[in-house]
Amino acid sequence: QVMLVESGGGSVQPGGSLRLSCAASGRTFSTYYIGWFRQATGKEREFVASMWWNGGSTYYADSVKGRFTIARDNAKNTVDLQMNSLEPEDTGVYCCAADPSAGSIRWSRGVDYWGKGTLVTVSS
């Protein structure tokens with residue numbers, strides 16, 4: 001059974017940092033793109049960042065460029081999202097997703113696998 005499991009969410013003050021992890025299991029993901037998405041209450045899901053599982057081909061939403069970094073942690077076999085300089089607007093449920101197509105990940109269309117998400121709250 002393929003599973004994507006997110007961890008690392010929590011509450012943080014504006015300007016703070018969090019590191020989210022996406023653990024993937026159940027199949028080989030070496031030919032997949034992994035994406036991070038977020039959804040705030042009452043808003044549509046939005047793309048945050050993506051990368052090729054084996055590294056490279058990173059892409060970021062304009063709203064997080066320079067603040068967030070997506071990277072593979074080889075020791076943990078996860079794709080992590082390091083989030084710095086967090087703002088209240090970054091609050092939401094963050095999910096990871098996997099698909100062989102970069103376009104599917106980038107535009108959130110027909111994505112093969114989704115995790116259930118982890119909540120990030122940025123508030124003073």
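For clarity, every value in this text was computed on a predicted model and none was experimentally measured.
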>> Between F47 and W107 (judged by ring centroids, cut-off 6.0 Å), do the two rings come close enough to count as a pair?
In response: no

> For W52, does its backbone N or O pair with a side-chain atom of S57 as donor and acceptor, under 3.5 Å?
Replying inline: no

>> Let me confirm one number: the OG1-NZ distance from T91 to K43, rounded to the nearest 0.5 Å.
In response: 10.0 Å

> How about S21 and D80: do any of their side-chain heavy atoms sit closer than 4.5 Å?
Replying inline: yes

>> Has Y32 got a side-chain atom pairing as donor or acceptor with A97's backbone, closer than 3.5 angstrom?
In response: no

>> Can a donor-acceptor pair be found, under 3.5 Å and without considering hydrogens, that links the side chain of E6 to the backbone of K116?
In response: yes

> Do the side chains of M83 and Y94 get nearer than 4.5 Å, heavy atoms only?
Replying inline: yes

> Is there a path of hydrophobic side-chain contacts, each under 4.5 Å between heavy atoms of I, L, V, M, F, W or Y residues, that connects V93 with L18?
Replying inline: no

> Out of curiosity, S50 OG to I105 CD1, how far, rounded to the nearest 0.5 Å?
Replying inline: 7.0 Å

>> Set out, in order, the CA-CA distance, both residues' side-chain angles and the distance that settles salt bridge (Lys or Arg N to Asp or Glu O under 4.0 Å) for R109 and D99, then state yes or no.
In response: CA-CA 10 Å; R109 280 200 304 259; D99 195 272; over 6 Å; no

>> Going by side-chain contact (heavy atoms from CB on, under 4.5 Å), I70 matches just one of T58, V48, L20. Which one?
In response: T58

> Between R106 and Y59, does a side chain to side chain contact (heavy atoms under 4.5 Å, CB included) hold up when you go through it step by step?
Replying inline: CA-CA 8 Å; R106 174 64 183 88; Y59 192 86; 2.8 Å; yes

>> So for atom NZ, which belongs to K76, do other residues, nucleotides or ligands contribute more than 12 heavy atoms lying within a distance under 6.0 Å?
In response: yes

> Hey, does the side chain of T121 reach the backbone of S11 with a donor-acceptor pair shorter than 3.5 angstrom?
Replying inline: no

>> Quick check against the 3.5 Å criterion: does D90 have a side-chain atom that pairs as donor or acceptor with the backbone of E87?
In response: yes

>> Using every non-hydrogen atom in the two residues, find where P100 and D112 come nearest and quote the distance to one decimal.
In response: CD-OD2, 3.5 Å

>> When you group the ILVMFWY residues by side-chain heavy-atom contacts below 4.5 Å and let the links chain together, are V122 and F68 in the same group?
In response: yes

>> Just verifying a value: how many Å separate Y33 OH and M51 CE, rounded to the nearest 0.5 Å?
In response: 10.5 Å

> Honestly curious: do V120 and L4 fall in one hydrophobic cluster under the side-chain, below-4.5 Å linking rule?
Replying inline: yes

>> As an exercise, state the distance from OG of S30 to CH2 of W53, rounded to the nearest 0.5 Å.
In response: 9.5 Å

>> Can you confirm whether N54 sits close enough to R72 that some side-chain heavy atom of one is under 4.5 Å from a side-chain heavy atom of the other?
In response: yes

>> Is a donor from one side chain sitting under 3.5 angstrom from an acceptor on the other, for N84 and S17?
In response: yes

> Which pair of heavy atoms, one from K65 and one from Y60, lies closest together, and at what distance?
Replying inline: CE-O, 3.5 Å

> Is the closest side-chain heavy-atom distance between S108 and R45 below 4.5 Å?
Replying inline: yes

> Ignoring hydrogens and geometry, is there a side-chain-to-backbone donor-acceptor pair from S101 to G103 under 3.5 Å?
Replying inline: yes

>> Looking at every non-hydrogen atom in both residues, tell me the closest pair between P14 and S124 and how far apart they are.
In response: CD-N, 3.7 Å

>> Between E46 and R38, does any NZ, NE, NH1 or NH2 come within less than 4.0 Å of an OD or OE carboxylate oxygen?
In response: yes

> Between atom SG of C95 and atom CH2 of W36, what is the distance when rounded to the nearest 0.5 Å?
Replying inline: 8.0 Å

>> Testing the basics here: between A98 and I34, what is the closest heavy-atom pair and its distance to 0.1 Å?
In response: CB-CD1, 3.5 Å

> Can you tell me how far SG of C22 sits from CG of L81, rounded to the nearest 0.5 angstrom?
Replying inline: 10.0 Å

